[in-house]
Each structure stands twice: as C-alpha cells, then as structure tokens.
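As structure tokens, the structure follows; a few thoughts come after it.
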2 protein chains.
Amino acid sequence: MTTNKPRSRGRPRRFDPDAAVVTAQQLFHARGYDAVSVADVTDALGINPPSFYAAFGSKAGLYQRVLDHWTGTAAIPLADILRPDVPVAKALAAMLEEAARRYASDPAAGGCLVLEGTRCNDEGAREAARALNLGAEAFIRDYIAARHPEAADEVADFVSTTMSGLSAKARGGHDLPRLLATARLAGSALAKTLPA
Amino acid sequence: MTTNKPRSRGRPRRFDPDAAVVTAQQLFHARGYDAVSVADVTDALGINPPSFYAAFGSKAGLYQRVLDHWTGTAAIPLADILRPDVPVAKALAAMLEEAARRYASDPAAGGCLVLEGTRCNDEGAREAARALNLGAEAFIRDYIAARHPEAADEVADFVSTTMSGLSAKARGGHDLPRLLATARLAGSALAKTLPA
DNA sequence: GGTATTTTGTAACAGTGACTACAAATAAAC
DNA sequence: GTTTATTTGTAGTCACTGTTACAAAATACC
C-alpha cells in the first residue's frame with residue numbers, strides 16, 4: 001500500500017518525487033554520480049532547480065534517496081542466496097553469478113550502482129555508498145564465519161574483490177558471457193578453499 | 001643519458017617539465033584525474049597557467065606524459081614476470097601478488113594509476129588509460145594462449161578482473177596483507193584451471 | 001647595444017558546477 | 001472572498017573549471 005500523502009495546502013507539486021528517484025537512479029547508474037549534474041536531473045524530470053531543491057534538498061540528498069530505493073528494489077538479495085542449507089562455497093558462487101547477471105543486465109548502466117558510487121569524488125555521496133557496501137560485506141563475512149570462521153576474512157575479501165572487479169569490467173564493456181565465465185571461475189576457487 | 005636540451009633563445013623556463021610530470025603523476029595517482037585540477041598542478045609546481053600550457057598543451061596532454069612516464073618506470077614488468085620457463089599458473093599468481101604489493105605500496109595513492117584512469121569522466125584521458133590497459137591485457141592473454149589456448153580468454157578475463165578488484169580495494173583502504181591474501185587466493189584458483 | 005625569441009606574471013575569458021532570492025501562481029482553510 | 005501555505009518559473013548567485021590575451025622580463029645572437 002503506497003502511503004497516501006497527507007493532502008497539503010498550497011500549490012500542488014507537478015511531479016512525483018518517487019518517480020523522480022527512479023529516473024535519477026537510472027541516470028546515476030548509467031553515468032555515475034559525478035557525471036550527472038543537477039541540470040541533467042531537472043532536465044530529465046522537466047522541472048526547475050527550485051522544485052528539485054524543495055523536494056530533495058541537495059544532489060547528495062537525492063542520491064541518498066536513490067540508494068534507499070535501490071536497497072529495496074535492485075540490490076542483490078543476499079539473504080535469499082546465502083542460505084544456511086547450502087554449502088557456503090556453492091552459495092557464494094551463486095552470489096557471484098547473480099552479480100555478473102545484474103551487472104550486465106542493463107547495457108546502458110554497467111556495474112553496480114553502489115560499488116561505482118564508492119568511487120565518486122563527492123565525499124558525502126561516496127561515504128553513503130561505502131556504508132551500504134560495508135554492510136553488505138559484513139553480511140557476507142558473517143555468513144562465511146558461521147561455518148568457516150578461520151577462513152572468513154580472507155574469503156570475504158576475495159569475494160568482495162571479485163565483485164568489485166566484475167562491476168569494473170561490466171562498466172568497461174564486458175558482456176554477460178564474459179562476466180559469467182569470470183564469476184564461475186572465481187566461484188570454482190571457493191570450492192577448494194571451503195570444503196563442504 | 002638524458003637528452004641535452006638544445007639550448008634555446010629567449011627567457012629560460014623556471015621549472016623542469018620532467019620533474020613536473022613526476023609531481024603530476026603523484027597527484028593523479030593519489031586523487032584521480034577528475035579530482036586534480038589544473039590549478040592544483042600549477043600550485044604544486046609553483047608556476048602559472050601559461051607556463052603549464054606552454055609545456056603540456058592541456059590537462060589531457062600532461063596526463064599522456066604521465067602515462068608515458070609511468071609505463072617506463074612504475075608499470076608492472078609483465079615481460080619479466082610472465083616467463084616462458086615458469087608454469088603459466090605460477091607466473092600469473094606471481095603477477096597478482098606483485099600487483100597487490102604495488103597497489104598497496106603508497107598509502108596515499110592506492111590502486112593502479114592506469115586502472116583508475118580508465119574510470120575517469122574525461123573521454124580523452126579515459127581512452128588513453130584504456131588503450132594502455134588493453135595492451136597489457138592482450139599481453140597477458142597471449143602469454144596464456146601460448147600454452148593454454150583453449151582457456152586463454154577465460155583465464156585472462158579472470159586475472160584482469162581480479163586486478164581491477166585489487167585496485168579498487170586498495171583505493172578503498174585494504175592494506176597489503178589483505179590484498180596479498182586475496183591475490184594468493186585468486187592465484188591458487190589458477191593452479192587448478194591451468195595444470196602445469 | 002640592439003634585435004629576435006621565448007617564458008613569465010597578471011588578469012582575465014567563457015562555460016559549468018551546485019544552489020537560491022523572489023515574486024507570481026495555485027491550492028486548501030476559514 | 002480573504003487568508004495562509006506551498007510550489008512554481010525566472011533569473012540569478014558564487015565558486016569553480018580548463019584555457020588564453022597580452023605585455024613585461026629575460027636570455028641568445030648579431
């Protein structure tokens with residue numbers, strides 16, 4: 001159920017902020033935080049700067065809302081993939097493959113929105129993306145540690161590094177088959193390190 | 001032997017362009033191409049914009065000279081590491097470890113200058129870095145193909161992806177032990193795929 | 001010394017970045 | 001219909017960005 005807006009007084013706004021967040025997410029994902037200007041966003045939305053700032057406060061504020069929306073819709077469902085009833089190595093391999101699929105799914109927006117966001121030149125936006133990423137990495141590490149405590153740190157780093165590499169390569173033009181093959185090769189390395 | 005300058009007429013320049021390239025390399029490596037402004041460079045060199053543009057033509061021109069200098073001094077010596085008398089898997093593992101060491105060597109400038117350059121927002125600089133990177137990847141692929149032609153593409157992609165990930169993680173704060181452990185884990189995966 | 005040549009410092013240029021002051025416009029509440 | 005609250009469009013602000021015009025300064029050649 002979408003939260004009904006507590007009908008306000010005054011002039012009604014001529015655009016839907018939630019839809020605007022979706023549009024902004026596409027822009028940020030396709031070009032990266034730095035390369036998207038506020039003017040790009042307002043042009044895409046057909047609004048003027050004051051409307052933008054009334055709704056989102058700042059460019060970084062919009063980015064926060066994009067990250068929030070992304071978390072609820074486009075993030076890899078780690079809790080579904082990293083299941084307790086599956087061998088850890090197998091679950092992590094499935095996660096890498098899923099990452100490959102998502103990073104290549106939109107040819108106009110390669111890579112992971114969050115991982116790419118951790119590399120931008122605005123401190124606020126960068127730290128917001130980093131915080132999200134650190135949370136995901138901690139989740140992965142904890143999942144490994146539950147059954148392989150001695151290898152958790154190393155394996156978690158390896159998996160995170162591979163995902164960063166996959167995102168970078170997706171951005172650099174690698175298509176689904178290449179990303180998938182790379183993810184599978186990385187995944188096969190886990191079977192040896194983490195015996196079922 | 002350093003090429004002696006054909007002593008010119010006119011006012012002498014008050015700075016050494018070669019030394020300037022080294023300074024610029026540090027700046028670009030530490031902050032990335034986009035985040036370094038021409039004003040940053042001229043301030044660091046203690047010169048004014050006209051001197052800068054007389055010597056380098058443009059910001060992208062300086063970056064080209066930085067890349068050239070880097071190729072001759074700071075690039076991983078692939079030809080020395082990828083030797084014909086060593087098992088391919090072993091040589092690639094050594095390359096990954098060397099990458100980890102270099103990416104972590106300067107805490108103020110994490111990651112690979114070129115790999116990070118391939119992600120900047122200036123098309124000219126980005127393509128220059130990409131060209132350099134593609135050359136290195138081709139070298140690696142050819143090295144693998146000489147003895148493992150059927151696995152060359154996949155393994156080359158895996159290795160390149162891992163290096164991109166290592167560079168990203170170095171930039172993100174991973175220190176030498178973590179990068180090295182990740183590189184070794186990735187390297188161990190190669191031994192299985194590429195039997196000696 | 002005079003002239004040609006090159007680099008210097010000063011001071012801009014045009015363009016773009018994120019962001020905002022302000023008054024007209026539009027709606028609900030009274 | 002008047003008031004009150006809110007968003008709108010216009011037109012800016014200010015701090016940068018990469019880059020350059022121009023004249024003074026400093027050297028080599030004659």
Side-chain angles (χ1 to χ4, degrees), chain A residues 4-21 23-24 27-28 30-66 117 120-129, chain B residues 4-21 23-24 27-28 31-67 117 120-129:
Chain A
N4 271 349
K5 351 187 155 180
R7 44 162 38 201
S8 69
R9 293 215 266 191
R11 187 172 180 174
R13 64 161 33 121
R14 297 168 41 82
F15 73 103
D16 177 8
D18 292 337
V21 167
T23 300
L27 286 175
F28 283 135
R31 292 188 231 158
Y33 183 85
D34 292 323
V36 174
S37 71
V38 172
D40 289 333
V41 176
T42 55
D43 287 354
L45 297 176
I47 64 176
N48 294 304
S51 299
F52 173 89
Y53 284 96
F56 304 111
S58 67
K59 182 184 174 184
L62 169 63
Y63 189 64
Q64 264 293 352
R65 293 193 52 171
V66 166
C120 80
N121 283 317
D122 180 89
E123 178 167 345
R126 190 173 59 239
E127 293 309 318
Chain B
N4 271 349
K5 351 186 156 177
R7 42 165 38 202
S8 69
R9 291 213 270 192
R11 187 174 181 171
R13 64 160 33 118
R14 297 169 40 85
F15 74 103
D16 176 9
D18 291 338
V21 168
T23 301
L27 286 175
F28 283 135
R31 295 189 230 158
Y33 183 86
D34 292 325
V36 174
S37 70
V38 172
D40 289 333
V41 176
T42 55
D43 287 354
L45 296 177
I47 64 177
N48 293 304
S51 298
F52 174 89
Y53 283 96
F56 305 111
S58 68
K59 183 184 175 184
L62 170 63
Y63 189 65
Q64 265 294 351
R65 293 193 51 171
V66 166
L67 289 181
C120 80
N121 283 316
D122 179 89
E123 179 167 344
R126 190 173 59 239
E127 293 308 317

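Only this structure's heavy atoms are used, side chains among them; waters, hydrogens and symmetry mates stay out. Labels below follow one simple rule: chain letters A, B, ... track the order of the sequence lines, proteins then strands, and each chain is numbered from 1.
- Salt-bridge formation is detected for the pair A/Arg31/A/Asp40: a Lys NZ or Arg NE/NH1/NH2 atom is positioned less than 4.0 Å from an Asp or Glu carboxylate oxygen.
- For A/Arg9, the side-chain atoms get nearest to C/dA29 when compared with the rest of C/dA29, D/dC29, D/dT17.
- The interatomic distance linking B/Arg13 (CZ) with C/dG9 (P) rounds to 12 Å, in whole Å.
- Residue B/Val41 is classed as having no contact, given no heavy-atom separation below 4.0 Å to the nucleic acid.
- To the nearest 0.5 angstrom, B/Gln64 atom CD is 13.0 Å from B/Phe56 atom CZ.
- Taking OG1 of B/Thr42 as the reference point, atom OH of B/Tyr53 lies at 8.5 Å (rounded to 0.5 Å).
- Aromatic ring pairs are classed by plane angle as parallel below 30°, tilted from 30° to 60° and perpendicular above 60°; the pair B/Tyr33 and B/Phe28 is parallel.
- Once rounded to the nearest 0.5 Å, the distance linking CG of B/Asp34 with CZ of B/Arg126 reads 9.0 Å.
- Of the residues in residues 47-60 of chain A, those placing a heavy atom less than 4.0 Å from an atom of DNA chain C are A/Pro49, A/Pro50, A/Tyr53, A/Ser58, A/Lys59, in numerical order.
- Contacts of A/Val38 with the nucleic acid, taken as non-hydrogen atoms under 4.0 Å apart, involve only primed sugar atoms and P, OP1 or OP2.
- The residue among B/Asp40 and B/Gly10 whose nearest nucleotide of DNA chain D lies closer to the 5′ end is B/Asp40.
- For B/Arg11, counting side-chain heavy atoms from C-beta on, the closest listed nucleotide (C/dT26, D/dA24, C/dA18) is D/dA24.
- The CG atom of B/Asn121 sits 14 Å away from the C1' atom of D/dT17 (whole-angstrom rounding).
- Atom CG in B/Asp43 sits about 12 Å away from atom P in D/dG18, given to the nearest Å.
- Distance OH (A/Tyr33) to C1' (C/dG17): 11 Å, rounded to an integer number of Å.
- Taking atom CZ on A/Phe15 and atom P on D/dT6, their separation rounds to 16 Å, with Å as the unit.
- Annotation: side-chain contact (heavy atoms from CB on, under 4.5 Å) contacts of A/Thr23 (sequence neighbours excluded): A/Ala44, A/Leu45.
- Applying the 4.0 Å criterion to OP1 and OP2 of C/dG9, one finds that B/Arg14 has a side-chain N or O inside that range.
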